[in-house]
Every structure is written in structure tokens, then in C-alpha cells.
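Let me begin by presenting the structure, written as C-alpha cells, before commenting on it.
Being a predicted model, the structure only gives us computed values, none of them experimental.
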Amino acid sequence: MATAELTAHELIAKHRPTLDQALEAIRTRAYWSPHPEHPKAYGENGSLDAAAGKAAFDALLGSRLDLGQPGTDGWVGGETSPYGVELGVEYPHADLDELLPAMRSGMRQWRDAGAETRAVVCLEILKRISDRTHEFAHAVMHTSGQAFMMALQAGGPHAQDRGLEAVAYAYVEQVRTPDSAEWTKPQGKRDPLALNKRFTPVPRGIALLIGCNTFPTWNGYPGLFASLATGNAVLVKPHPRAVLPLALTVQVARQVLTEAGFDPNLVALAAERPGEGIAKTLATRPEIRIIDYTGSTEFGDWLEANARQAQVYTEKAGVNTVVVDSTDDYKGMLSNLAFSLSLYSGQMCTTPQNLLIPRDGIRTDQGPKTYDEVVADLARAIDGLLGDDARANALLGALVNPDVKARLEAAPGLGEVALASREITHPEFPGAVVRTPVIVKLDGAKPDDEAAYMSECFGPVSFAVAVDSSADAVELLRRTVREKGAMTVGAYTTDDEVEEAVQEVCFDEAAQLSLNLTGGVYVNQTAAFSDFHGSGGNPAANAALCDGAFVANRFRVVEVRREAQGLS
């Protein structure tokens, strides 16, 4: 066992104030973040500035990342950046029959440490990751295709916020039950019955985190830290094209656990050989008791059906929809939608896909607008937003994989093109595949069009769906969320009855709703400690990031009771 260099007392003194602020933030839902978004905020108190972070990333290229894990039987790698850079990093390949038992060996000490100590150890891990935000930003950029600023913010502070949020919820749920209780039941003239009772949160076992390609840290940290904070060991299985950000996370976690006197094997990496496909093998092993997954509906459904020994948390695909009924800020609506459709080339699980617009048009502060006018004006807004190639590269990033490019290229065959996609050259990375969004017109009354708009088309593809009325739009919204799921729903209306109808659909089908966004907040963005990402109540996801349900079933409370001494 490791010798502690960081004592629990020191960690509590250092991080308890941050934990308390996080607990207050999830109670009030007010804005709060301990992790700065601005790149220039880093470079002091041990954190890496921009130049040092880039140098640290460059030093990783072509290297072997030895994590010191037991059971290493070889080395694997092969990541290529969506920007055309060969990363060349090698990672340990694990013999699971040796690694998994080693992971369990430290769980008793981790369990006995208690909820507060586990929480502050997790906060120390997050602090050290935060200090390396610039390095992690390059790792996220060159595995996901996000533009640098988005990779820094979403892959750095926003991901760290989501991890901290999970720790806060985990702490709340574990301390909900007291450590002990003196129980006395009166028996009339007889002596009372008296028991001493102790209550201990106990972990389920080893948690498996199955990472995604597009947001390896943002989507990975909630499950990782929720499981670790509740006493479980965590095996991290990254997406084969996005190993580096999570491998660095595992490296930091193992270092902190060692320094805090815990077994570093509480966190380990399971990188895979090309085509090995170890997720299914891992997911059904009896040692795996918790699974966190972000990715396709097909594999998410398979996990829910087959990983019966585990508590499974999934975020899958959905068809995000915006109802466009009316607006008192037409320009603001178009600007907001243009940004939402363009950000990270639509490669977000929250990006709108279907825009439901009455075929007779909508009411606006600029007078009535026909369906054709709304679609044409939105196309012009996107063209204006992305007209400058430098700005376009900063917003779009690169297409994450060839499947996205194939869907984009196939989209014009689905209907009339209102906005054609164009190719953009990246001046720094000529190998990057950068494309602007496409908008395709579809008719909600035509059965042939339904197959397109009722399926997720992940990437920079959106459908302007003509419907007979706003009432029809609301009913199509209901059917879409019920059958396909949605991570986000948006609506634009100045009509109280339409607003109420959309809201009732979202209540009935458990979908998160954004109404009349025309400023600097977008439907595809959520803030930790305040916004819920997903609801867990429709087919797009069976969990929300983050609420009590996301953490409470990662542990169970075991009671030990004995007769009280001193009473006769």
C-alpha cells in the first residue's frame, strides 16, 4: 500500500471550502464555477500556461504512457487527430484477469476512508487536471476535432465542473444517512429495547467507464467521479480514437491516490488493440457492477439488455427538435439558431436537428415570414456567421470521423437543399476535414420524408420540416421525443397557448426545454451545478447529468446493529 504524502486532514483543509461551495451551488442552482474559462487564467500557482501546456502535449507525441498498472501484456496505440496529426502515443494493454483483481484489492481501505475523504481526494485529482488544462485542451482537440477554444473550455473547466458536480451529489447522498444511531423502543413496564446501529455506504464493485469520441472528458468525468467518490474502483475504457485525454486523467488519478496513501489501482485504463472491441467483454464480466456509457443507441440498448449484473447509465442518440411558431426578435432567433447549428459542426448530442416550421409561415417583429423566407433567412444567417474562414474554423472544428462526412455528403439526396455545405481549408492543419452545415427542406406530411427527420443524422445536418400548423408541430414534437428521444428541445413562440402546449409535451415526455433563446445562451449548451443534461426519462438517455439518481445507486447502505450496552 502506498505511503501517504497527502493526509486526509490536509486535503480536507484544502478542498472542503470548494466542496461546500459546490453543495451550495447544486442547492440554489445559481451560477458558480471554480475552474476559469479564460486561457490567460492559467500559468500561476503551479498551473501550466499556454506555452507550457502546448509543450507538455508535444512531448507526449510518439511517447509511451506507462501508467504502472499490473497485468500489462503489451502496448497499443494508433490515434490520428481529426486535424491530420499522428499522435503516436502508446498505452498499456491489460490482461483483465490480472488487472481486475488488483483493482478490487484497494477497495476496502477506500470504502473505510469515508465520504468526506473520498470527496476531497477526488477534488485534488480535479485540481491537478485543472492545472494542466492547456495540455488537456490539446489532447481533447486532437482526438475529438473540437476547435482549440472549445476543447479548452468544454474539455477543461466545463468537464471539471461536471466532475465536481458529481462528487457533490455523491457526497450528499452518502451523508443523507447518519453514521450511527442509538435506537430505543419503549416497552411499557418492561425494559426498553435498545440497539446501537451503524450505517456504512458500501460500493457496488468495479465501475466501467466507456468513453466517447466527441467529448471524452465532458461526458466521461461525471461517471468516473460519481463512482470513485462512492467508493468504487473505476476502469476507464476510452474510445479507440480518443484515448489520450482519459489516459492522462487516469495518470493523474493514480498519482493522487498514491500520494494520499491509497491503492493507485482504484483507477486504471483499458486501452484496446485495433478491432479488439473489448467493451462487450468487459461489460458482461461479473466484476463490473456499474457501467457509464455515451454513444450509439444500438450499443446503449445492448448494454441495458445484456449487462444485467451491472447498474447501467447510458446517454444515447436522440432527435433534438425546435418548434418555430413565432418570435418577437426575429434577428436574434436566427442568430441563435445559426450558432447552435454550427458549433462543433453539429457534433454535439444536444445540437438541434429538426426545425418544425408551419408551412403558412410565422409571426415576427419584422412582420409575417413564410416558411421559405424563414429557411432562407436562417441559411443567410449561417452564411454570415461562417463567411470568414478563420471564424468558421474556430467555430466548426473538424469532422470527428469519416462517418460524419459520409452523412453530410448524403444529406442533399434527402430533399431540397436550402443551404449547401462548403469545404473550408484550415491554415494550420491542411489535413483537417472542415465543412459548414447543410440545411435540407422536408415535408412533414410526406411519408417518404419521415424516415429522414425521424432518424438521428449526427453531424452538421439539419432539416427544416414544413408542418401544417403549430399544433401539428407540437404533436410531431411529442411523437419524436416519445419514439426517438431528445437531449434538448427548443421552442420559439409569443403565444401563451403554444408555449404551454410545448411545455406540457416536455413534462409528459421528460425532455429539457429551452424557450425563446435569442442571446448568448444556446440550446446545445448546459451549465454544471444548474442545468440538467438529459433527463433520464426518454429514449435518448436513461440518466441525467447530474442528479441524485445518477449517484445514489452506485453504493448501498449496509447496517450493523447490536444490542446496546448498559441497559437491562
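- With no hydrogens or angles considered, no side-chain donor-acceptor pair links N265 and R104 at under 3.5 Å.
- Side-chain polar atoms of D161 and S33 form a donor-acceptor pair below 3.5 angstrom.
- Looking at R29 and E24, no side-chain N of the basic residue comes within less than 4.0 Å of a carboxylate O on the acidic one, giving no salt bridge.
- Taking the six-membered ring for Trp and the full ring otherwise, Y169 and F529 have centroids separated by 6.0 Å or more.
- The shortest distance between side-chain heavy atoms of N320 and N354 does not fall below 4.5 Å.
- Nearest heavy atoms, E173 versus V551: CG-CG2, 3.5 Å.
- Listed for the Y83 side chain is a donor-acceptor partner under 3.5 Å among the backbone atoms of Q146.
- Listed here is the closest heavy atom pair of A8 and T117: CB-OG1, 3.8 Å.
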Check against side chain to side chain donor-acceptor pair (under 3.5 Å), E304 and T314: CA-CA 8 Å; E304 292 170 5; T314 60; 2.6 Å; yes
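- For the pairing with H533, the ring-ring contact (aromatic ring centres under 6.0 Å, His included) check across W218, F550, Y221 returns one residue only, W218.
- Electrostatic pairing of R128 and E124 counts as a salt bridge here, judged by a charged N lying under 4.0 Å from a carboxylate O.
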Salt bridge (charged side-chain N to carboxylate O under 4.0 Å, His left out) between E79 and R241, intermediate numbers included: CA-CA 5 Å; E79 292 159 292; R241 288 192 292 261; over 6 Å; no
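- Residues V502 and L513 have side chains in contact (heavy-atom distance under 4.5 Å, counting atoms from C-beta outward).
- Contact check for I210 versus L303: side-chain heavy atoms found under the 4.5 Å cut-off.
- Closest approach of A242 to P238, counting heavy atoms only: O-CB, 3.7 Å.
- Ion pair R407/E456 not flagged as a salt bridge, since none of the NZ, NE, NH1 or NH2 atoms sits closer than 4.0 Å to an Asp/Glu carboxylate oxygen.
- R254 and Q69 share no donor-acceptor pair across their side chains, judged by distance under 3.5 Å alone.
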Stepwise side-chain contact (heavy atoms from CB on, under 4.5 Å) test for K54 and E135: CA-CA 6 Å; K54 178 63 163 60; E135 178 186 359; over 6 Å; no
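- Ring geometry, H134 versus F148: the interplanar angle falls under 30°, so the pair is classed parallel (tilted spans 30 to 60°).
- The CD1 atom of I125 lies 10.5 Å from the CD atom of E259; values are rounded to the nearest 0.5 Å.
- For the pair R554 and Y313, the cation-pi test (distance below 6.0 Å, angle within 45°) is passed.
- Under the ring pair (Phe, Tyr, Trp, His ring centres under 6.0 Å) criterion, Y293 pairs with F299, sequence neighbours left out.
- Using a 4.5 Å cut-off on side-chain heavy atoms (C-beta onward), Q255 and Q251 make contact.
- The aromatic rings of H142 and F57 lie parallel to each other, their planes meeting at an angle below 30°, with 60° marking the opposite boundary.
- Q311 and N553 form a side-chain donor-acceptor contact under 3.5 Å, judged by distance and modelled atom types alone.
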side-chain contact (heavy atoms from CB on, under 4.5 Å) evaluation trace for E10 with K14: CA-CA 6 Å; E10 290 170 337; K14 181 178 181 181; over 6 Å; no
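- Counting only N and O atoms by type, the side chains of N219 and E315 include a donor and acceptor under 3.5 Å apart.
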